[in-house]
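Structure first, then comments.
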2 protein chains.
Amino acid sequence: MTRALSAPDADRAAAFAADARGDGLAVSLVGECATEFEGRAERSLPAGVRSVLWKPDDTVLVHGATGRDPDAWATGGSVAVEATDGRLELRCGDGDAADALTVRFDSVQHAAAFDPADADAEVSGTESDLKERVLADPDLVEPGFQPRSTERETPAGPVDVYGRGRDGAVVAVELKARRVGPAAASQLERYVNALRRDLHADADVRGVLVAPEITEKARRLLAENGLSFSPVE
Amino acid sequence: MTRALSAPDADRAAAFAADARGDGLAVSLVGECATEFEGRAERSLPAGVRSVLWKPDDTVLVHGATGRDPDAWATGGSVAVEATDGRLELRCGDGDAADALTVRFDSVQHAAAFDPADADAEVSGTESDLKERVLADPDLVEPGFQPRSTERETPAGPVDVYGRGRDGAVVAVELKARRVGPAAASQLERYVNALRRDLHADADVRGVLVAPEITEKARRLLAENGLSFSPVE
DNA sequence: CGGTTCATGTCGCAC
DNA sequence: GTGCGACGTGAACCG
């Protein structure tokens with residue numbers, strides 16, 4: 001099921017990779033390579049030893065020594081493998097779009113092929129969890145808050161939680177599962193403005209940003225617009 | 001320099017990985033594994049064959065069959081490798097923070113160690129390129145626009161390009177290298193509002209969003225706030 | 001397919 | 001270290 005090659009020449013490596021991908025396997029290549037990307041931007045990597053992962057969905061990832069994100073990558077397009085000039089070359093072309101990645105190996109130190117899993121993860125602790133909590137305990141938003149609906153549509157987009165305050169005012173709630181900055185404050189402001197416009201002119205609309213923490217600039221933005229922040233957890 | 005093992009037992013795989021990382025190498029492991037993440041969120045992956053890349057900076061990436069992003073990962077913390085119960089286990093703990101990832105292998109099909117490059121890329125086509133273009137040809141913003149400074153500070157943050165229009169009005173320019181949505185329109189609005197507040201009350205301040213394309217909702221947002229959009233490239 | 005928003009976003013830079 | 005915004009963001013969700 002899992003195959004491997006050590007220090008193959010370009011022809012053997014190309015055949016190995018093509019065969020493996022033909023069988024629906026993923027291919028891991030380690031070797032000295034350089035990359036060229038042209039498309040939404042232009043980016044090239046000098047020659048150096050890297051790990052290249054070619055997935056069954058034709059995602060190609062080029063990983064260097066550090067970081068979570070690949071140094072170069074290609075998604076969505078087709079991938080062609082070839083040994084030219086004694087060098088293994090992957091050409092990843094997003095047929096229609098202009099995005100094109102080329103990975104050229106000076107040498108392949110190691111190649112492995114395997115049949116990877118595609119399983120879904122169990123998740124929790126996300127924004128929708130926070131929504132559950134707020135619906136279960138609306139006082140987290142403000143004392144006496146009464147939720148009416150979630151994802152209520154406005155011209156500016158859906159409001160996370162929509163309801164009424166103890167005073168009868170409309171309350172729009174924006175939820176964030178982590179520290180929030182100015183962008184989140186603006187998002188809430190857009191929703192509140194849209195509601196003020198949509199509802200009767202005399203309707204009182206307030207906005208509450210619910211998150212574990214907030215930056216100073218975001219706090220000021222909220223204050224300027226008469227919006228409030230409610231910390232949770 | 002590059003070492004490899006085929007179908008090692010847990011003890012051999014653990015020793016191999018520990019040695020390699022001790023030598024500053026990166027380790028690639030392929031095998032049946034399950035993961036547990038606990039921290040900012042909770043997420044777990046069921047057992048399945050995956051590729052695990054353990055980098056010299058102690059980034060650990062767990063890749064499945066599809067997608068650019070890893071199915072699970074850990075960065076920043078320390079990594080401990082151990083063979084317990086005949087199973088290879090990576091424990092990635094962000095010492096102080098709560099983020100913790102555990103990767104437990106039922107079996108290791110393949111292990112490779114190599115010395116990866118950490119080279120910087122040549123980049124172009126980014127937002128700062130767009131800035132160059134706008135400074136070289138200010139008419140891209142609007143006819144007669146005269147840039148005065150870049151990254152001009154405001155209480156809301158730095159304005160990409162700051163200058164004057166033909167009519168003498170202050171013009172704030174926000175640059176985006178690709179299609180923009182409501183968030184970019186709000187960002188420009190924040191800058192313009194900050195400038196209107198900061199400058200003399202009688203100062204005329206306008207805002208221009210420069211980008212290749214804009215969504216309809218963003219266009220409406222701009223219009224509502226008297227801001228404009230200028231397409232480029 | 002486009003539009004919008006979420007993310008364990010990550011990453012880089014300035015203060 | 002925190003704050004802030006860009007990113008070839010990616011990925012899900014919804015029309």
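By convention in this document, chain letters (A, B, ...) are assigned in the order of the sequence lines, proteins followed by strands, and residues within each chain are numbered from 1. Everything quoted here is computed from the prediction, not taken from an experiment.
- Atom CD of A:E153 is separated from atom P of C:dG3 by 16 Å (rounded to the nearest Å).
- Listed for the A:R21 side chain is no donor-acceptor partner under 3.5 Å among the backbone atoms of A:V27.
- Residue A:W73 contributes atom CH2, which lies 11 Å from atom C1' of C:dC11 at whole-angstrom precision.
- Side-chain N or O atoms of B:K55 include one that pairs as donor or acceptor with a backbone N or O of A:G64 at under 3.5 Å.
- Here the side chain of A:R196 pairs a donor or acceptor atom with the backbone of A:V205 at under 3.5 angstrom.
- If you find the closest nucleotide of DNA chain C to B:E213 and to B:A74, the one lying nearer the 5' end belongs to B:E213.
- In this structure, the NZ atom of B:K131 is 13 Å from the P atom of C:dC13, given to the nearest Å.
- The distance from atom CG of A:D160 to atom P of C:dT5 is 10 Å, rounded to the nearest whole Å.
- For the pair B:E127 CD and C:dC13 P, the interatomic distance rounds to 14 Å; values are reported in whole Å.
- Of the two residues near DNA chain C, A:G157 and B:R40, the one whose nearest nucleotide lies more 5' is A:G157.
- When distances are taken from the side chain of B:K217 to each of C:dC11, C:dT4, C:dT8, the shortest belongs to C:dT4.
- By the 4.5 Å heavy-atom criterion applied to side chains, B:V173 and B:F145 are counted as neighbours.
- Nucleic acid contact for A:A156: sugar-phosphate only, since backbone atoms but no base atoms lie under 4.0 Å from a heavy atom of the residue.
- When all heavy atoms are compared, the tightest approach of B:V208 to B:S230 is CG1-CB, 3.9 Å.
- The heavy-atom pair separating B:F229 from B:E213 by the smallest distance is CZ-C, 3.8 Å.
- Using a 4.0 Å heavy-atom cutoff across all strands shown, A:E174 reaches sugar-phosphate atoms only and no base atom.
- Atom CD of B:E216 and atom P of C:dT4 are 9 Å apart (whole Å).
- Comparing D:dG8 with C:dT5, their P atoms are spaced 22 Å from each other, to the whole Å.
- As rounded to whole Å, 15 Å separates atom P of C:dC6 from atom CG of A:D129.
- Scanning all heavy atoms of the two residues, the minimum distance from B:A65 to A:D57 falls at O-OD1, 3.8 Å.
- Put simply, the side chain of A:N225 never gets that close to the backbone of A:L227: no donor and acceptor are under 3.5 Å apart.
- Note on B:T126: only backbone sugar-phosphate atoms sit closer than 4.0 angstrom, heavy atoms only; bases stay farther off.
- Chain A approaches DNA chain D within less than 4.0 angstrom (heavy atoms of the protein), and the contacting nucleotides run 5' to 3' from D:dT2 to D:dG10.
- Between B:R68 atom CZ and B:H63 atom NE2 the span is 8.5 Å, to the nearest 0.5 Å.
- Where B:R68 and A:A218 each meet DNA chain D at their nearest nucleotide, the meeting point lying more 5' is that of A:A218.
- Side-chain atoms of A:R43 never come within 3.5 Å of backbone atoms of B:A121 as a donor-acceptor pair (strictly under, hydrogens ignored).
- D:dA6 sits 16 Å from C:dA7 when the C1' atoms are compared, rounded to a whole Å.
- In this structure, B:G125 reaches neither bases nor backbone, as no heavy-atom distance under 4.0 Å exists between it and the strands shown.
- For the segment residues 177-192 of chain A, the set of residues with a heavy atom within less than 4.0 Å of an atom of DNA chain C comprises A:R178, A:Q187, A:R190, A:Y191, in numerical order.
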